[in-house]
Amino acid sequence: MAKLGYKTHGDLAEAIGVSRSSVSLWVQGKVGVPRPVAMLIRMMLAAQRRNF
């Protein structure tokens, strides 16, 4: 979350179109991050690196 510039679970959730509770469960390690979401986050990180 921090690498992408999001301070809250809600901010990240809104950006990727999921619920805040889903992000919270992923961060806590209670539920695995779905593959499509993980791919989206990787693409967001890659795009951010190219902008700098």
Side-chain angles (χ1 to χ4, degrees):
M1 282 182 11
K3 286 182 181 180
L4 290 170
Y6 298 106
K7 295 180 181 173
T8 68
H9 296 169
D11 291 342
L12 178 59
E14 186 175 330
I16 62 174
V18 300
S19 70
R20 185 204 55 78
S21 60
S22 292
V23 173
S24 182
L25 290 171
W26 301 334
V27 170
Q28 294 172 25
K30 293 184 178 180
V31 176
V33 179
R35 183 172 285 173
V37 174
M39 290 172 61
L40 173 62
I41 292 171
R42 281 190 212 106
M43 288 189 302
M44 291 169 70
L45 287 167
Q48 184 180 34
R49 278 186 240 131
R50 279 185 291 216
N51 290 333
F52 291 111

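This one's a predicted model, so the numbers in the text were calculated from it and none came from an experiment. These numbers come from the heavy atoms of this one structure, side chains and all, not from hydrogens, waters or symmetry mates. Position 1 is the first residue of the sequence; numbering continues from there.
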Side-chain atoms of residues 36-47: list all donor-acceptor pairs with protein atoms under 3.5 Å, sequence neighbours left out, distances to 0.1 Å.
none

Nearest 0.5 Å please: distance from the CG atom of D11 over to the OH atom of Y6.
8.0 Å
Of all residues at least two apart in sequence or in a different chain, which pass the side chain to side chain donor-acceptor pair (under 3.5 Å) check with K3?
none
Ignoring hydrogens and angles, write down the donor-acceptor pairs under 3.5 Å from the side chains of residues 13-22, residues two or more places apart or on other chains.
from	atom 1	to	atom 2	distance (Å)
S19	OG	S21	OG	3.1
S19	OG	S22	N	3.1
S19	OG	S22	OG	2.9

